[in-house]
Student: 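Dropping the structure in here first, questions after.
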Amino acid sequence: MTADNLLQGMAILLAIQGISMLILNFLNINFPAPLLGMLLLFLLLRLGIVKEDVIDSACSLLISKMGLLFLAPAVGIMLYLDVIKAELVPILVTVFGCSIIILYSTAWFTSLLAGKGGKK
C-alpha cells in the first residue's frame, strides 16, 4: 500500500460518490447516493474501466476503520439508556417478533420460488 495507490483509490471512490450525487440531484430522484455510488462502482469494475488493484488499498483502509462508524450509535444508546430500560419489553418483543416474521416469510417465499411450497 503506497501513498500513490491510496490517494488514487480514494480519489476514484470520492469521484464516483460525487457523480452519483450529481446524477440524483440533476434527475431529482429520491434515492440513496451511496447506493447508486456502489452500483456505479460495480458497473465500472465489471466493464474494466476501473481496475480492482487501483482501489484495493483505499477499500482496505476504509474497511479497517469501519468500527469507528459504530461509535455514534453506541453513544446514543448510552445517552438513552433510561428510556431503553423503561421500554425494554416492547423493544424485545418487536425485535424478536419481527425477526421471526421475517425468517418465516423469507423461508416461505424461498420455498414458493423453488416450487416446493403452496401446493400439496
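Values below: every heavy atom of this structure, side chains too, minus hydrogens, waters and symmetry copies. Each residue takes its place number in the sequence, starting with 1.
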Student: To the nearest 0.5 Å, tell me how far Leu92 CG sits from Glu87 CD.
Tutor: 11.5 Å
Student: So which atom in Gly9 and which in Ala58 form the shortest heavy-atom distance, rounded to 0.1 Å?
Tutor: C-CB, 3.6 Å
Student: Does Leu62 belong to the same Ile/Leu/Val/Met/Phe/Trp/Tyr cluster as Val50, with side-chain heavy atoms less than 4.5 Å apart forming each link?
Tutor: yes
Student: Quick check on the hydrophobic clustering: are Leu113 and Trp108 connected, directly or via other members, by side-chain heavy-atom contacts under 4.5 Å?
Tutor: yes
Student: Are any of the side-chain heavy atoms of Asn5 and Val54 separated by less than 4.5 Å?
Tutor: no
Student: Please examine the side chains of Cys59 and Leu13, heavy atoms only from C-beta on, and report whether any two atoms are closer than 4.5 Å.
Tutor: yes
Student: As an exercise, state the distance from CG of Asp82 to OH of Tyr80, rounded to the nearest 0.5 Å.
Tutor: 9.5 Å
Student: Output the distance between atom CD (Gln8) and atom NZ (Lys51), rounded to the nearest 0.5 Å.
Tutor: 12.5 Å
Student: What are the two closest heavy atoms between Ile16 and Gly37, and how far apart are they?
Tutor: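 Where Ile16 meets Gly37 most closely, the heavy atoms are CG2-O, 3.3 Å.
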Student: Around atom CZ of Phe31, are there more than 12 heavy atoms from other residues, nucleotides or ligands closer than 6.0 Å?
Tutor: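 For Phe31, atom CZ is crowded (more than 12 foreign heavy atoms under 6.0 Å).
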Student: Taking the side chain as every heavy atom from C-beta outward, state whether Ile55 and Leu45 have any pair of such atoms under 4.5 Å apart.
Tutor: yes
Student: Is there a path from Leu81 to Leu79 through hydrophobic residues (I, L, V, M, F, W, Y) whose side chains come within less than 4.5 Å of each other?
Tutor: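 Different clusters: Leu81 never reaches Leu79 through Ile, Leu, Val, Met, Phe, Trp or Tyr contacts under 4.5 Å.
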Student: Same cluster or not: are Met10 and Met21 linked, directly or through other Ile, Leu, Val, Met, Phe, Trp or Tyr residues, by side-chain heavy atoms under 4.5 angstrom apart?
Tutor: no
Student: Show the numbers, then the answer: is there a side-chain contact (heavy atoms from CB on, under 4.5 Å) between Ile29 and Ile23?
Tutor: CA-CA 9 Å; Ile29 298 174; Ile23 290 171; over 6 Å; no
Student: CZ/Arg46 to CG/Leu43 distance, rounded to the nearest 0.5 angstrom?
Tutor: 10.0 Å
Student: Taking transitive links into account, so neighbours of neighbours count too, which hydrophobic residues share a cluster with Leu7 at under 4.5 Å side-chain distance?
Tutor: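 Members besides Leu7: none; it forms no cluster.
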Student: Say you draw a straight line from CD1 of Ile91 to NZ of Lys85; how long is it, rounded to the nearest 0.5 Å?
Tutor: 12.5 Å
Student: Could you check whether any side-chain N or O of Ser20 sits under 3.5 Å from a backbone N or O of Leu36, counting only pairs where one atom can act as donor and the other as acceptor?
Tutor: no
Student: Between Leu14 and Leu41, is there shared hydrophobic-cluster membership here, with clusters defined by ILVMFWY side-chain heavy atoms closer than 4.5 Å?
Tutor: no
Student: Nearest 0.5 Å, what's the CD1-CD1 distance between Ile49 and Ile12?
Tutor: 11.5 Å
